[in-house]
Amino acid sequence: MESVKVLPLNRNQFVGSAAVNAPATPPKPKLLDQVRQAIRRRHYSDRTEKAYVHWIKRYIFFHNKRHPLEMAEPEIAQFLSSLATDGRVSASTQNQAFNALLFLYHEVLSKKIGLIDGVVRAKRPQRLPVVLTKDEVKRVLDRMDGAPRLMGLLLYGAGLRLMECCRLRIKDIDFSRNEVVVRSGKGNKDRYTMLPSAVQDSLIQHLRRVKSQHDEDLRNGLGRVALPNALDRKYPNAGKEWGWQWVFPATSHYTDRSTGEKRRHHLHESVLQRAFKEARLKAGVFKPAGCHSLRHYAEPRTMPSLFSVSPVDQHF
C-alpha cells in the first residue's frame with residue numbers, strides 16, 4: 001500500500017494576500033463632494049446646493065487653490081470685501097457667499113469661525129418694488145395664452161411665487177374647497193391659499209389635456225415623475241399615479257441619471273418668464289416688471305371683475 005505524501009503547510013504564502021487582509025478603507029471624498037453630501041443630508045434645495053458649491057469654488061480659486069483648512073477669518077474677509085469692491089455684487093449676493101463659507105467651515109470642516117473684521121459690506125439699496133395696476137395686469141394677461149396664462153393668473157390671484165406655481169401637483173388642488181396647497185414654500189413651509197374662481201374653468205380644461213397626455217405616456221411605458229425626498233423608494237409606483245403628476249408638465253421627457261429612466265419634469269420657469277416679458281412689451285407696459293410683480297398690487301384684488309367667471313358644474 002502506497003503511503004500518502006503530506007506536504008507541509010506554508011503559512012507564509014497567505015501573508016499579505018488579499019484573501020486574509022482587511023478590505024481597504026474607501027478613499028475620502030473630495031471637498032466639494034463632502035459639501036454636496038452635507039447639503040443633501042439636511043434636505044436643502046438643489047438651488048442652494050448649486051449656489052453654495054459655486055461660492056466655495058470661487059473662494060478657493062480666489063486664494064490660489066489653497067485648502068480652506070489653511071485659511072480662516074482674514075481670508076474670508078478678504079474674499080467678501082473683494083465681492084463688494086471689485087465684483088460690485090448686491091448685499092444679498094454677498095450674504096449668500098458668506099452663508100456658503102460658514103456652512104463649509106461649520107458643517108463640513110468642523111472648524112469654528114470667529115468674528116470677521118474689516119469686511120467691506122455691499123450697500124443694500126432702498127428700492128421700491130415694481131407695482132402693476134389692475135389695468136396693467138389685465139392688459140398683460142390678456143396677451144398671454146395657454147399654460148403661461150394660467151400660471152400668470154395663479155400668481156396674481158393665489159399669490160403664488162414662480163417656483164411654487166411650477167411645482168404644483170394634481171393632488172395639491174382642491175376644487176371642492178377652492179384651495180391650493182403650497183408644498184415646501186419659502187422657509188420649507190406648507191401653506192394654504194385660495195383657488196380663484198375665475199381660473200377654475202380654464203384650469204379644469206387644462207387638466208383634462210394633461211390627463212390625456214399622462215394616459216398616453218402610460219400606454220408607452222412612461223408616465224413617471226420624480227418624487228420628493230425618499231418617497232421613490234418607499235412607494236415605487238407612486239411616481240406614475242395621477243395625483244403626483246405636475247399641473248404644468250414639460251413638453252418633453254428627460255432621462256434620470258441615477259436610474260436611466262425617462263421621466264417628465266414640470267414646465268421650466270423660464271417659459272413663463274419669457275411669455276410674461278413678451279406679453280408685457282406687447283401690452284405697452286414698460287415698467288421693469290417680472291413674474292414676481294404679480295404678487296405686488298396697488299389695489300385690492302378683485303379677480304371676478306378682471307376675468308369672466310362661470311360656475312364649475314363638472315370636473316375632469
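Positions are given from 1, in the same order as the sequence printed here.
Between Phe103 and Tyr52, the ring planes are tilted. Angles from 30° to 60° get that label.
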Inset, instruction - Take Leu203 and Val247, measure what side chain to side chain contact (heavy atoms under 4.5 Å, CB included) needs, and give me the verdict at the end. - result: CA-CA 9 Å; Leu203 186 57; Val247 174; 4.2 Å; yes
Inset, instruction - Apply the test side chain to side chain contact (heavy atoms under 4.5 Å, CB included) to residues Lys240 and Leu222: give CA-CA distance (whole Å), side-chain angles for both, the deciding distance (0.1 Å), then the verdict. - result: CA-CA 8 Å; Lys240 292 187 177 182; Leu222 303 171; over 6 Å; no
Legend entry - Worked check of side chain to side chain contact (heavy atoms under 4.5 Å, CB included) between Val182 and Asp172: CA-CA 7 Å; Val182 179; Asp172 297 330; over 6 Å; no
Inset, instruction - Evaluate the criterion side chain to side chain contact (heavy atoms under 4.5 Å, CB included) for residue pair Leu31 and Ile60; output intermediate values, then yes/no. - result: CA-CA 11 Å; Leu31 178 63; Ile60 294 172; 3.9 Å; yes
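Side chains of Asn95 and Arg121: a donor on one and an acceptor on the other come within 3.5 Å. At a cut-off of 3.5 Å, with distance as the only test, a side-chain donor of Thr259 or Asp256 sits close to an acceptor on the other residue. Side-chain contact, Ser176 with Asp174: a donor N or O sits under 3.5 Å from an acceptor N or O.
Legend: residues meeting salt bridge (Lys or Arg N to Asp or Glu O under 4.0 Å) with Arg36, ordered by chain and number and at least two apart, are Asp33. In this structure His54 satisfies the ring pair (Phe, Tyr, Trp, His ring centres under 6.0 Å) test with no other residue, sequence neighbours excluded. A search for ring pair (Phe, Tyr, Trp, His ring centres under 6.0 Å) contacts involving His268 returns nothing, not counting sequence neighbours. Shown here are the salt bridge (Lys or Arg N to Asp or Glu O under 4.0 Å) partners of Arg40, two or more places apart in sequence or in another chain: Glu49.
Taking hydrophobic clusters as Ile, Leu, Val, Met, Phe, Trp and Tyr residues chained together by side-chain heavy-atom distances below 4.5 Å, Val225 does not share a cluster with Leu207.
With respect to the salt-bridge test (charged N to carboxylate O, under 4.0 angstrom), the residues Asp135 and Arg139 qualify.
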Only pairs under 3.5 Å count here: list side-chain donor-acceptor contacts from residues 70-85, not counting sequence neighbours, and write none if there are none.
{"residue": "Glu73", "atom": "OE2", "partner": "Gly114", "partner atom": "N", "Å": "2.7"}
{"residue": "Glu75", "atom": "OE1", "partner": "Ala72", "partner atom": "N", "Å": "2.9"}
{"residue": "Ser81", "atom": "OG", "partner": "Ala77", "partner atom": "O", "Å": "2.8"}
{"residue": "Ser81", "atom": "OG", "partner": "Val120", "partner atom": "N", "Å": "3.0"}
{"residue": "Ser82", "atom": "OG", "partner": "Asp86", "partner atom": "OD2", "Å": "3.2"}
{"residue": "Thr85", "atom": "OG1", "partner": "Ser81", "partner atom": "O", "Å": "2.9"}

Can you list, pair by pair, the side-chain donor-acceptor contacts under 3.5 Å of residues 271-283, counting residues two or more places apart and other chains?
{"residue": "Arg280", "atom": "NE", "partner": "Ala289", "partner atom": "O", "Å": "3.3"}
{"residue": "Arg280", "atom": "NH1", "partner": "Val285", "partner atom": "O", "Å": "3.2"}
{"residue": "Arg280", "atom": "NH1", "partner": "Lys287", "partner atom": "O", "Å": "2.8"}

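Heavy-atom contacts from other residues, nucleotides or ligands closer than 6.0 Å to NZ of Lys50 number 12 or fewer. When the shell of 6.0 Å around OH of Tyr192 is examined, it contains 12 or fewer heavy atoms from other residues, nucleotides or ligands. By the neighbour-count criterion of 12 heavy atoms within 6.0 Å, atom CG of Asp190 is densely surrounded, having more than that number from other residues, nucleotides or ligands. No more than 12 heavy-atom neighbours from other residues, nucleotides or ligands sit within 6.0 angstrom of OH on Tyr235.
Of all heavy-atom pairs between Val35 and Leu104, the closest is CG2-CD1, 3.9 Å. Between Trp55 and Thr93, the closest heavy-atom pair is CZ2-CG2, 3.4 Å.
In this structure, the side chain of Arg264 does not engage the main chain of Gly223 through any donor-acceptor pair within 3.5 Å. Within the 3.5 Å criterion, the main-chain N or O of Trp244 finds a donor-acceptor partner in the side chain of Arg169.
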